[in-house]
Amino acid sequence: MTSVATWNVNSIRSRLLHLLDWLKADAPDVVLLQETKCVDDAFPALEIEALGYSIARHGEKSYNGVAILSKFALSDIRIGIPGNEEDTQARYIEALVATPSPMRVASVYVPNGQTPDSEKFPYKLRFLDRLNAHVARLLTRGDRLVIGGDYNIAPEDSDVHNVHEWAGTVLTHIEVRKRLRAMLHQGLYDAGTLMNVRDFTWWDYRAGAFANDDGLRIDHLLLSAQAADSLSGYRVVRQVRALEKASDHAPVLGSFN
DNA sequence: ATGGTAGGCTCCCTA
């Protein structure tokens, strides 16, 4: 059994104790992190390596930043979406994991987009288009593939606690939903949907959102058919969101036979 | 009600 998790930590340095406690408790084999918010030299590697993890990271100062932690050896590490080198934001990393049956994984932090009329929204749409093109190339390899991350997209209204509050925002906008569906149409499967678990993964820090369970499902594990066929478990680790000084996202944990 | 809170870093940006 191999477990693969995705978690937007909202600063790995602020969340290090939560991360270490959770790694000890659930011992996921592979962890896909987003919003590490630090340059590679400032990444707290020693504490994580002490728990038996290898690390691939791609950070920048203050914003964004993605990483892969793995109890199995990592190879073929790639930074950024290939053919997209002009985008300097650290939002994508992939690697081949030496699990008994090898698995290619990627950690992706899709741009939030701020508001539909901001200049950040077309950047979000272009990023999703480029991710889609890259997924098409990855799927031709035919290996077990897990692309996990903060997609900043609630796929359907049933993934939103307060549909009216979030209607027309960058998390529920028709244009981002179309692009997520395009990713599924070309052969990726959403682990939450496969396991019939539609739990929320993100609750705003403001206005007591977590206490009111005013959340959205925007973090996803997207699987190739080969990975989907071995999916055996899926859960959102809500306890980690309930801690003091928590990230605004909860880890999402998938299990594979 | 265009607020509210959090993180990083600088007197503001991003989410």
Side-chain angles (χ1 to χ4, degrees), chain A residues 6-22 32-45 47-48 57-67 80 87-92 107-128 131 148-155 159-173 175-177 179-180 200-220 236-252:
Chain A
T6 181
W7 187 23
N8 179 322
V9 289
N10 188 18
S11 170
I12 189 154
R13 288 178 292 177
S14 286
R15 222 63 60 205
L16 183 59
L17 293 180
H18 286 7
L19 174 65
L20 296 174
D21 284 347
W22 174 61
L32 311 168
L33 298 175
Q34 301 87 38
E35 281 208 271
T36 53
K37 289 188 172 180
C38 68
V39 296
D40 291 346
D41 286 346
F43 193 98
E47 297 92 329
I48 295 167
R57 57 195 184 270
H58 176 36
E60 63 176 274
K61 188 182 176 187
S62 303
Y63 301 114
N64 312 313
V66 287
D87 186 347
T88 58
Q89 298 191 20
R91 296 180 174 276
Y92 184 89
S107 176
V108 61
Y109 178 44
V110 173
N112 172 281
Q114 204 160 59
T115 60
D117 59 354
S118 79
E119 75 288 347
K120 295 188 178 66
F121 191 61
Y123 169 63
K124 179 178 192 174
L125 300 183
R126 286 198 306 274
F127 183 95
L128 287 166
L131 180 61
D150 176 359
Y151 284 80
N152 271 312
I153 303 170
D159 299 306
V160 181
H161 176 263
N162 187 336
V163 173
H164 175 71
E165 178 188 4
W166 290 96
T169 68
V170 293
L171 302 184
T172 62
H173 198 282
E175 290 301 323
V176 301
R177 285 180 166 172
R179 282 162 176 80
L180 181 62
F200 304 137
T201 64
W202 174 79
W203 300 259
D204 200 293
Y205 282 123
R206 296 166 286 191
F210 186 66
N212 298 321
D213 199 26
D214 183 5
L216 292 87
R217 190 173 75 98
I218 59 172
D219 301 87
H220 309 292
V236 177
V237 189
R238 193 180 265 257
Q239 309 91 281
V240 172
R241 178 62 180 82
L243 298 169
E244 287 296 314
K245 301 290 282 179
S247 168
D248 44 352
H249 296 254
V252 174

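Throughout, protein chains are lettered first and strands after them, A, B, ... in sequence-line order, and every chain is numbered starting at 1.
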Just checking Y109(A): base, sugar-phosphate only, or nothing, at a heavy-atom cut-off of under 4.0 Å?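 Sugar-phosphate contact only.
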Would you mind classifying the nucleic acid contact of R91(A) as base, sugar-phosphate or nothing, using non-hydrogen atoms under 4.0 angstrom?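 Sugar-phosphate, no base atom in range.
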Between [atom2] of [N] and [atom1] of [X], the distance in whole Å:
X	N	atom1	atom2	value
N10(A)	dA6(B)	CG	P	11 Å
L16(A)	dG7(B)	CG	P	14 Å
E60(A)	dT14(B)	CD	C1'	11 Å
R241(A)	dA6(B)	CZ	C1'	10 Å
W202(A)	dA15(B)	CH2	P	12 Å
D219(A)	dA15(B)	CG	C1'	13 Å

Qualifying residues under ring-ring contact (aromatic ring centres under 6.0 Å, His included), relative to [X], sequence neighbours excluded:
X	value
F43(A)	none
Y151(A)	H220(A)
F210(A)	W203(A)
F127(A)	none

In terms of the nearest nucleotide of DNA chain B, which residue is placed more toward the 5' end: P111(A) or S11(A)?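 Looking at the nearest nucleotide for each, S11(A) comes out on the 5' side.
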Taking dG7(B) as the reference, what is the distance to dT2(B) when you measure between their P atoms (whole Å, please)?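 Between the two P atoms, the distance is 26 Å.
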With rounding to whole Å, what would you report as the distance between dG3(B) and dA15(B) at their C1' atoms?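 It works out to 16 Å between them.
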N/O contacts under 3.5 Å, protein versus nucleotides 9-12 of chain B?
unit_1 : atom_1 : unit_2 : atom_2 : d
dC9(B) : OP1    : S62(A) : OG     : 3.2

Pair up each side-chain donor or acceptor in residues 12-20 of chain A with any protein partner under 3.5 Å, not counting sequence neighbours, and list the distances.
unit_1 : atom_1 : unit_2  : atom_2 : d
S14(A) : OG     : S11(A)  : OG     : 3.4
R15(A) : NE     : V9(A)   : O      : 2.9
R15(A) : NH1    : K245(A) : O      : 2.5
R15(A) : NH2    : N10(A)  : O      : 2.8
H18(A) : NE2    : E244(A) : O      : 2.9
H18(A) : NE2    : K245(A) : O      : 3.4

Is the phosphate of dG7(B) approached by R15(A) (side-chain N or O, under 4.0 Å from OP1 or OP2)?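 Affirmative; the distance criterion is met.
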Look at the side-chain N and O atoms of K120(A) and state whether any lies under 4.0 Å from the OP1 or OP2 oxygen of dT14(B).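 K120(A) to dT14(B) OP1/OP2: side-chain N or O found under 4.0 Å.
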Got a list of protein N/O to nucleotides 1-5 of chain B N/O distances below 3.5 Å?
unit_1 : atom_1 : unit_2  : atom_2 : d
dG4(B) : O6     : R206(A) : NH1    : 3.3

Identify which one of T6(A), D150(A), V236(A) satisfies the side-chain contact (heavy atoms from CB on, under 4.5 Å) criterion when paired with H249(A).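 Considering T6(A), D150(A), V236(A), a side-chain contact (heavy atoms from CB on, under 4.5 Å) with H249(A) is found only for D150(A).
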For D117(A), which residues count as a side-chain hydrogen bond (donor to acceptor under 3.5 Å, both in side chains) partner, sequence neighbours excluded?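 D117(A) satisfies side-chain hydrogen bond (donor to acceptor under 3.5 Å, both in side chains) with T115(A) only.
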Kindly write out the residues that satisfy side chain to side chain contact (heavy atoms under 4.5 Å, CB included) with K61(A), not counting sequence neighbours, or none if the list is empty.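 Only V39(A) meet the side chain to side chain contact (heavy atoms under 4.5 Å, CB included) criterion with K61(A).
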